[in-house]
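Note on naming: letters A, B, ... go to the chains in the order of the sequence lines (proteins, then strands), and numbering restarts at 1 for each one. Just so it is clear, the structure is predicted and the values come from calculations on it, not from any experiment. All heavy atoms count here, side chains included; hydrogens, waters and symmetry mates do not.
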Protein chains: 2
Amino acid sequence: MFRDLNGVSTFDPAEADEFGDDPLFVRAAARTVAVLSAFELASKPLSLSEIAKLSGVERSAAQRMVHTLLALGMIVRDDEDRGYLPGKRILTMAYSCLRLDPVMQRATPILLELRRRTRERVDLSLWDDTRLIYALRMPSKHEIFTATLTGNTVPVYCTAGGLAVLAHLPDQQIADIFGRSDRTPFTPETMTSLEQVMKGVERARHCGHALVTGQILRHEIAMGVAILDTASHPIGAIHLAGSLDEHSPEEFEAKFGSLLQQAGTSISVFG
Amino acid sequence: MFRDLNGVSTFDPAEADEFGDDPLFVRAAARTVAVLSAFELASKPLSLSEIAKLSGVERSAAQRMVHTLLALGMIVRDDEDRGYLPGKRILTMAYSCLRLDPVMQRATPILLELRRRTRERVDLSLWDDTRLIYALRMPSKHEIFTATLTGNTVPVYCTAGGLAVLAHLPDQQIADIFGRSDRTPFTPETMTSLEQVMKGVERARHCGHALVTGQILRHEIAMGVAILDTASHPIGAIHLAGSLDEHSPEEFEAKFGSLLQQAGTSISVFG
DNA sequence: TAGAATGTATCGTCTAGCGATACTCTTGTA
DNA sequence: TACAAGAGTATCGCTAGACGATACATTCTA
């Protein structure tokens, strides 16, 4: 079985109860977040009971939670399917998240220039443990739906940007991340072994950028370079993605490799 | 004084306390949301006391709130400036918001095609009372930072997309929305009177799309068309934005007007 | 060195959220 | 038409757990 491209992240309701001994832990806040996060597992508007189930909160509690989150605009009703959906206010909060991140501010003009010169899809993603979260997206000609959305996440172990990030970590940590990753393949070509991952990492370490084909989408070729902070730790990546119908891997790399690396260097912080 | 382009939305802490008589209202959830929303008013990492002040929550309560939101990944520390920032998990939640919206799914291929044909900036925004929230962005050559970010909001009364939305509402409601809007001008050309707004609305009603210049950014020309639901109520808009340095308003409209309207019709839901 | 910020920790009070229960409506099926 | 299963809603007593006051350790600034 291959993975649903919506690739919803797993959420364990049990985890919300495992803070018992922490005197500063606000359980109500955890429940609030749990209810809001229920939608990460959804593929359609959710009913009250579904929210309760997915968030691991009692139906009664979920009822009142939803009631106040409705009043606050964090959740809205979908009149058609009579269910609940996350509210637009979440988007506004996400905006704060993007706006306040200094990396994003530096990156924007550089990515626009990269996009202009390559005419291929350019993305900026932020590293979050086993996954990358897409923060800035500049789609090109033809893209599938999820490839245009902010906030979409992909695993680090099988993406160009991810390998570029891993290349800056010790082997031990790479193995750890690989081990904890959800490794359901996206396509028949999605890599499945640590050996394959390490091969990609070594290559990235050697030439400064990572290159993969068909890992998330068939016929897609992607190149990635890491973004580093002042301490030279990776914090995210830039992705350049094209179609194998238009480029051979060799040509893609020769044509855009150095442009991409320059962009990565410009965004990274030094000293 | 003109408006800061980051244009943070106003948040009134007092409002959070005005639910006293509602038996189903969960105060802790409201506080949680208030703390998370504090960042909407921020322009840099926030300290504990700043969060408390902006969210209208007691310092003690804010302390414990922040503590658990840190544990949940909804907030992170910024080691450099030693403050707090919204966490990447917000982005993941925003993704659910976008992914679950059927409008977005229908819109993506249509907007990509529009972008391909016009080579100008294409945006999709969702209507939220006095404002539009940008949900899908396809930047073109040179854009300022905030014009590339998901979740950014603009007033309806002075934007092309906004006027296109207003055109589908009764005059009475337009006046109401205009009255409640924050009307700090963005540029010297930003419209300030209801008469100007109604003129734009009439024009939009007549030719099916709205056209404005220099309202948010100087030298910017923008055209907008509304997206309608099954009941023909506006739910958002498509924006097409270019530069006055490259196009005259007449030429821009003649060249792209019908393309834009076609896109709007394709995305709107009928019957 | 004093002062004003940070962030952190502790604790008793009592409020406000929990969970059980029961109700109304709508929808689909027999 | 009756019935079951599912929606959303409402009420209420108990007590878990959040509140707010207070105090302290650090760090930065003047």
Side-chain angles (χ1 to χ4, degrees), chain A residues 13-14 16-36 38-39 42-72 74-87, chain B residues 13-36 38-39 42 44-72 74-87:
Chain A
D17 278 330
E18 294 308 319
F19 295 91
D21 52 345
D22 184 342
L24 287 179
F25 197 77
V26 184
R27 251 147 280 257
R31 268 185 281 263
T32 308
V33 171
V35 165
L36 287 173
F39 294 99
S43 53
K44 55 168 187 51
L46 294 178
S47 77
L48 206 52
S49 323
E50 289 172 319
I51 291 176
K53 186 175 296 174
L54 289 174
S55 63
V57 166
E58 282 292 319
R59 219 183 86 96
S60 258
Q63 171 196 353
R64 279 166 299 112
M65 219 36 137
V66 165
H67 178 82
T68 96
L69 290 175
L70 270 175
L72 296 170
M74 301 295 292
I75 282 182
V76 295
R77 298 209 51 127
D78 180 40
D79 296 313
E80 312 257 333
D81 308 77
R82 58 181 45 162
Y84 299 97
L85 287 172
Chain B
E15 131 193 8
D17 277 331
E18 292 309 317
F19 295 92
D21 51 345
D22 184 341
L24 288 180
F25 198 77
V26 184
R27 252 147 279 255
R31 268 185 282 261
T32 308
V33 171
V35 165
L36 287 173
F39 294 99
K44 56 170 186 51
L46 294 178
S47 76
L48 206 51
S49 324
E50 288 172 320
I51 291 177
K53 186 175 295 174
L54 289 174
S55 62
V57 165
E58 282 291 319
R59 221 182 84 97
S60 256
Q63 172 197 353
R64 281 163 300 128
M65 219 38 137
V66 165
H67 179 82
T68 96
L69 290 175
L70 270 176
L72 295 170
M74 300 295 292
I75 283 182
V76 294
R77 296 210 53 128
D78 179 40
D79 297 314
E80 312 258 335
D81 307 76
R82 58 181 47 163
Y84 300 97
L85 287 173

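- Ranked by how close their nearest DNA chain D nucleotide is to the 5' end, Glu50(A) and Ala29(A) are led by Glu50(A).
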Sequence neighbours left out, cut at 3.5 Å: what donor-acceptor pairs do the side chains of residues 62-71 of chain A make with other protein atoms?
| from | atom 1 | to | atom 2 | distance (Å) |
| --- | --- | --- | --- | --- |
| His67(A) | NE2 | Asp22(B) | OD1 | 3.4 |
| His67(A) | NE2 | Asp22(B) | OD2 | 2.7 |

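- The two atoms that bring Pro45(A) and Glu50(A) nearest to each other are O-OE1, 3.9 Å, heavy atoms only.
- The separation between Leu46(A) atom CG and dG6(D) atom C1' is 15 Å, rounded to whole Å.
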Mark up nucleotides 19-30 of chain D, 5' to 3', with B wherever a protein heavy atom is under 4.0 angstrom from a base atom, S wherever such an atom reaches only the sugar-phosphate, and - elsewhere. BBBB----SS--

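- Residue Tyr84(B) is tested with Val35(B), Leu48(B), Asp78(B) for a side chain to side chain contact (heavy atoms under 4.5 Å, CB included); the sole match is Leu48(B).
- Among all heavy-atom pairs drawn from Ser55(A) and Ile51(A), the shortest one is OG-O, 2.7 Å.
- Across all their heavy atoms, Phe39(B) and Leu85(B) have their closest contact at CE2-CA, 3.7 Å.
- Put simply, CE on Met74(B) and OG1 on Thr32(A) are 10.0 Å apart, with the number rounded to the nearest 0.5 Å.
- When DNA chain C is scanned in the 5' to 3' direction for atoms under 4.0 Å from non-hydrogen atoms of chain A, the outermost contacting nucleotides are dT10(C) to dT27(C).
- Comparing the end axes of the helix from dT1(C)-dA30(D) to dA30(C)-dT1(D), each fitted to five base pairs by superposing C1' atoms of four pairs onto the next four, gives an inter-axis angle of 40° (nearest 10 degrees).
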